[in-house]
Amino acid sequence: MTTPQQNESFVRSLVMACITGCIPFTFIENPHLIEAAKAIGVTLPSRKVLSTTVLDAAFKDIQTATYDQLSKLKYIDAASDGWRKKYCEQGAGLVNFCALTATGALLHDVLNCSTVRKDADGIADML
């Protein structure tokens, strides 16, 4: 079966696939994914662990790599996706921002939006 390092590498790659593919972290609970992981001896984390501990550990590396890539590329567009407060383990509404380039989406930042006014001026201030 897998070593702890192989398991960690697989889970970290899964996080990257979710982020770059705009796949919700609920995917970790997909019964077919769970079955596939068990077949190769991989232990998947819970959605809570995936969206907190694992994501926090990967975020700094992702952010550093993204800033390096963004400095070399021209923006094509930007996208954002919000996580409602009740679904966030951090207890706050979050919005992630991605730069869309010719080569794919790059995670740029994640902002706490729990205090953002829901009007044009509030959203403009956040951006």
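If you're wondering where the values come from, they're calculated on a predicted model, not measured in any experiment. Numbering starts at 1 and runs along the sequence shown.
Applying the side-chain contact (heavy atoms from CB on, under 4.5 Å) rule to Thr2 yields the partners Gln6, Asn7, Val42; only residues at least two apart in sequence or on another chain are considered.
Sorted by first and then second residue, the side chain to side chain donor-acceptor pair (under 3.5 Å) pairs involving residues 27-41 (not counting sequence neighbours) are Glu29-Arg47. The salt bridge (charged side-chain N to carboxylate O under 4.0 Å, His left out) analysis of residues 1-20, with sequence neighbours excluded, yields the pairs Arg12-Asp61.
Ser13 contributes a side-chain N or O that, together with a main-chain N or O of Ser9, makes up a donor-acceptor pair within less than 3.5 Å.
Between Pro24 and Cys18, the shortest heavy-atom contact is O-SG, 4.4 Å. Residues Phe25 and Leu50 approach most closely at CD2-CD2, 3.7 Å, considering heavy atoms.
Between Val54 and Leu14, the closest side-chain pair of non-hydrogen atoms is not below 4.5 Å. Side-chain atoms of Ile28 and Val49, non-hydrogen and from C-beta on, never get closer than 4.5 Å to each other.
Remark: Phe10 CZ to Leu44 CG distance equals 6.0 Å, nearest 0.5 Å.
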